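Since we're looking at a predicted model, the values are computed, not measured. Naming convention: chains lettered A, B, ... in sequence-line order (proteins, then strands); numbering from 1 in each chain.
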Amino acid sequence: MPRLNSKEDLRALRRKIVGMRDLTMPYITLCSGTACHATGSDAVAAAIQKELEKQGLTEEVGVRRTGCHGFCERGPIIIVYPEEICYLNVTPEDVPEIISKTIKGKEIIERLLYADPNTGERMVHEQDIPFYKYQTRLVFSGNLWVDPANIEDYIALGGYRALAKALQEMTPEEVMEEVKRANLRGRGGGGFPAGRKWETTRDASGEPKYAIVNCDEGDPGAYMDRSIMEGNPHRVLEGLTIAAYAIGATHGFVYVRQEYPLAVSNLAIALEQAKEYGLLGEDILGSGFDFDVKVHRGAGAFISGESSALMNAIEGKVGEPRPKYVHTSEAGIWDKPSNLNNVETLANVPLIIEKGADWFGSIGTEGSKGTKIFSLVGKVNNTGLVEVPMGTTLRDIIYKIGGGIRGGKKFKGVQTGGPSGGIIPEQYLDSPVDFDELTKLGSMMGSGGMIVIDEDTCIVDLARYFVDFLCDESCGKCVPCREGLKRMRDILDAMVAGRGKEGDIELLKEIAVVMKKASLCALGTTAANPALSTIRYFRDEYEAHIKEKRCPALVCKDLISYYIDPEKCIACLKCLKNCPEGAIEGEKKRIHVIDQSKCVKCGICYDVCPPKVGAVKKISGKPVPPSLPEVERAIRKGKKRGGGSD
Amino acid sequence: MVEIDMKMKMQRVDEIIEGYKGEEGVLIQLLLDIQSEFNWIPHGVIARISERLRIPKSHIYRIASFYKAMSLNPVGRHIIQVCLGTACQVRGAPKILDRVEENLKIKEGGTTPDMRFSLKRVNCLGCCAMGPVVVVDGNYHGKITPAMVEDILGKYK
Ligand SMILES: Cc1cc2nc3c(=O)[nH]c(=O)nc-3n(C[C@H](O)[C@H](O)[C@H](O)COP(=O)(O)O)c2cc1C
Ligand code: SF4
Ligand code: SF4
Ligand code: FES
Ligand code: FES
């Protein structure tokens with residue numbers, strides 16, 4: 001491939017690629033993102049290959065392995081073109097049928113289609129499925145079409161056109177102005193306007209300047225950055241290069257987690273190909289602009305995602321924050337001006353340059369423009385990555401797209417903003433989601449994790465979980481963060497163990513104030529959020545733990561007991577056989593009883609007791625009923641047992 | 001035998017170091033490569049890096065102990081990662097971890113005495129939609145229940 005030396009070269013190449021593609025030809029795309037890898041997309045791919053060979057169709061049918069489509073729970077996902085038939089949960093065994101029936105016979109296989117859980121109605125196309133129907137996929141759409149290992153797929157979709165436009169038709173100032181006017185806010189957590197950050201670095205003195213992408217994604221429960229990087233790496237590289245041009249950066253880094261092996265390898269391929277095509281490196285697209293990008297793998301420390309810590313890591317030092325006397329945008333890597341942006345932020349940049357700030361500004365809310373990708377996970381029916389315009393309500397996201405709560409349970413709250421975010425309760429489900437609204441509700445946008453919880457999650461235990469996470473991840477450099485978190489953890493540990501005291505809630509609040517004021521980096525200043533937001537909305541749960549030693553969600557081990565309801569037990573021996581502690585006593589036709597002194601509360605008996613029987617109960621805040629006298633434990637024939645209501 | 005092993009190891013270490021010649025700030029990348037190569041970072045290797053790159057050993061230890069992806073202790077033949085990220089947490093991951101610990105009679109961070117398994121808890125493996133997630137030797141197992149744990153472990157001898 002000869003390198004591209006101008007916008008015209010790029011256009012000619014695109015014409016050529018598109019011209020060579022026969023859009024009426026049968027085509028199979030198979031999602032091969034990490035989650036689909038996990039559910040067996042490699043085996044499906046091998047089966048497709050084998051079957052096409054067997055049926056002599058390798059020339060007539062195209063196959064493409066793409067990145068994540070978002071509906072990971074239903075993977076592996078196959079889309080058959082040109083009809084755009086969407087098959088979910090595909091196994092290798094389904095492949096021969098797909099090829100003979102759907103590809104050859106143009107016949108739809110009902111069983112592989114999405115079925116509406118309420119009506120049972122089958123849906124043929126992706127855009128009919130509610131999970132997709134209510135989304136606006138602007139940033140994520142490329143993932144459906146692009147083989148991340150093939151730059152020509154990206155070019156065919158119009159990729160690198162924005163870069164060509166920026167380099168050939170716009171000055172760096174104009175590019176920056178456009179992004180400023182679009183009011184693109186950072187998707188990595190803080191929501192800081194990207195254009196303004198670029199400007200600071202541009203105006204700072206010192207050469208060379210650096211432009212960096214943050215794909216550390218330490219936020220547990222969120223994986224949109226991974227999916228973009230894995231599925232459409234050129235989109236990120238294009239955005240980064242445009243940013244570099246605007247800033248005047250000649251060197252760049254992609255900081256990506258080592259734990260994301262597929263993202264690391266797809267990125268490496270993308271870098272090679274972009275260089276080969278003249279889209280990266282020296283004299284990009286013949287414009288005279290040079291930009292050299294290296295990859296730095298992160299090694300699994302949440303704090304290293306913070307800007308100054310990340311720059312320390314790139315220098316080969318321990319990835320801890322620096323004192324923030326000087327911003328990294330002025331003095332970052334090796335004290336040179338360095339601009340850091342999140343993956344999703346940069347993936348928006350080509351769109352803004354190509355379609356303009358006015359177009360971008362027409363999507364979203366007053367203060368938050370464009371779309372946001374959320375990782376909708378936890379106890380909702382449809383889990384996966386969801387892209388919606390800023391301002392979409394929580395209810396629309398959780399109920400329309402997410403299909404509501406699993407197993408008919410009751411919604412309790414939605415956790416947003418990552419470990420330092422908060423939990424938003426039911427009464428705010430109609431709030432529009434954007435940077436400012438979430439902050440008002442005591443949570444934050446963070447990187448876009450949206451973890452839905454139901455009545456079975458204990459709020460105090462979840463707050464303890466986040467504090468514990470942050471305690472582990474705090475680098476320990478500053479005292480308020482290190483000691484404050486430890487104290488909070490102690491208090492919450494005691495609470496879930498039934499040792500909570502009056503005044504603990506106030507103490508938590510006091511610690512929070514100090515941490516917020518005196519910590520060095522955002523980890524410390526926001527670390528109290530999980531506790532504060534839950535105290536704000538779920539104070540009664542805290543009080544139940546402290547005053548009644550009761551866990552309303554029946555989660556905290558020290559506050560609950562397992563108990564077998566003698567009215568329901570059918571003496572099937574299941575729990576007895578599965579109890580790891582031998583704590584259950586009983587035999588055939590003899591009602592089973594748990595020896596509380598031996599029980600370690602592992603909950604296995606609760607899980608294995610047949611759902612129809614439901615004899616094992618969890619109780620909290622009251623004593624376990626005394627067991628039946630021996631003579632009454634025999635189960636006599638004829639009496640109907642089990643089931644019924646509680 | 002052990003000596004030949006060690007010699008080969010060092011040769012590989014030298015190759016890795018060689019790969020980064022002339023670049024700045026490479027220590028973390030280098031240690032990650034060593035970690036992937038041997039699954040841990042042996043003390044002898046740290047000495048070698050220190051010597052070759054003229055970086056104090058103490059600094060290398062500091063880096064290696066800071067990052068979760070690096071291990072200063074030998075690990076078992078199979079590495080189990082149990083995700084305790086938020087999405088997995090709310091879908092019952094703590095019970096999965098309990099079950100694995102109980103099954104192997106080790107705590108997270110530990111290695112079985114027969115060197116068959118090492119157990120790690122991790123914060124999010126990026127396939128939260130399939131939680132709870134357990135990864136063994138890079139193979140992902142999604143939507144795990146406590147009852148499935150024994151079967152999964154049984155696959156790895
Ligand atoms: C403890 C901590 C961890 C962070 N982790 C990440 C991360 O994993 N990914 C990310 O993009 N930003 C992370 N950030 C935010 C970055 O410091 C930085 O603000 C962001 O990458 C800038 O990009 P943006 O302006 O495009 O959002 C983290 C911040 C803190 C305080
Ligand atoms: S599993 Fe349920 S029904 Fe069966 S013996 Fe145990 S408690 Fe009784
Ligand atoms: S909770 Fe666990 S230890 Fe207790 S009785 Fe049930 S199975 Fe046995
Ligand atoms: S990885 Fe296949 S849909 Fe997400
Ligand atoms: S929280 Fe477990 S994979 Fe993300």
Closest non-hydrogen atom pair, [X] against [Y]:
X	Y	answer
A/Glu73	B/Ala129	CG-O, 3.8 Å
A/Arg226	B/Gly126	NH1-CA, 3.1 Å
B/Leu32	A/Ala299	CD2-CB, 3.8 Å

Which bit of [X] is near chain B, if near means a heavy-atom gap under 4.5 Å: side chain, backbone, both or neither?
X	answer
A/Lys294	side chain
A/Ser227	neither
A/Phe466	side chain
A/Leu385	neither
A/Asp461	side chain
A/Val555	neither
A/Lys601	neither
A/Ile314	backbone
A/Phe469	side chain
A/Glu315	backbone
A/Ala222	backbone
A/Leu376	neither
A/Asp468	side chain
A/His37	neither

Non-hydrogen atoms of chain A under 4.5 Å away: do they reach the side chain of [X], the backbone, both or neither?
X	value
B/Leu30	neither
B/Gln29	both
B/His59	side chain
B/Asp98	side chain
B/Gln35	neither

Please check: side-chain N/O of [X] versus main-chain N/O of [Y], any donor-acceptor pairing under 3.5 Å?
X	Y	answer
B/Tyr67	A/Gly319	yes
A/Lys379	B/Val90	yes
A/Tyr465	B/Thr86	yes
A/Arg297	B/Ile28	no

Counting heavy-atom pairs under 4.5 Å to chain B, which of [options] comes out on top?
options	value
A/Glu320, A/Arg74, A/Met224	A/Glu320
A/Ala38, A/Pro261, A/Gly384, A/Ala263	A/Ala38
A/Asn578, A/Val318, A/Ile451	A/Val318

Point to revise | Best-contacting candidate, B/Leu31, B/Ile55, B/Leu84, against chain A by heavy atom pairs under 4.5 angstrom | key: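 Among the listed options, the one with the most contacts to chain A is B/Leu84.
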Check: [Y] and [X] side chains under 4.5 Å, non-hydrogen atoms:
X	Y	answer
A/Glu473	B/Asn123	yes
A/Pro580	B/Glu102	yes
B/Cys124	A/Glu217	no
B/Lys95	A/Ile604	no

Point to revise | Heavy atoms of other groups near B/Tyr156 OH, more than 12 under 6.0 Å | key: yes
Exercise for review: Take atom CZ of B/Arg116 as the centre, draw a 6.0 Å sphere, and report whether it contains more than 12 heavy atoms from other residues, nucleotides or ligands.
Suggested key: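 Enclosed: over 12 neighbouring heavy atoms sit under 6.0 Å from CZ of B/Arg116.
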Practice item. Could you give me the CA-CA distance, side-chain angles and deciding distance for B/Phe66 and A/Ile303, then say whether side chain to side chain contact (heavy atoms under 4.5 Å, CB included) is met? Key: CA-CA 11 Å; B/Phe66 181 80; A/Ile303 190 66; 3.7 Å; yes
**Study point:** Verdict with reasoning, B/Arg99 to A/Cys602, per side chain to side chain contact (heavy atoms under 4.5 Å, CB included)
**Key:** CA-CA 8 Å; B/Arg99 198 69 205 266; A/Cys602 68; over 6 Å; no
Review point. Could you walk me through whether B/Val122 and A/Glu259 pass the side chain to side chain contact (heavy atoms under 4.5 Å, CB included) check?
Key: CA-CA 10 Å; B/Val122 293; A/Glu259 290 95 326; over 6 Å; no
**Study point:** Stepwise side chain to side chain contact (heavy atoms under 4.5 Å, CB included) test for B/Arg91 and A/Arg406
**Key:** CA-CA 11 Å; B/Arg91 284 208 192 162; A/Arg406 269 169 196 253; 3.1 Å; yes
Point to revise | Any residue of residues 142-150 of chain B which, by heavy atoms, sits under 4.5 Å from chain A | key: B/Lys143, B/Pro146
Practice item. Just jot down the salt bridge (Lys or Arg N to Asp or Glu O under 4.0 Å) partners of A/Asp472, sequence neighbours excluded, or say none. Key: A/Arg489
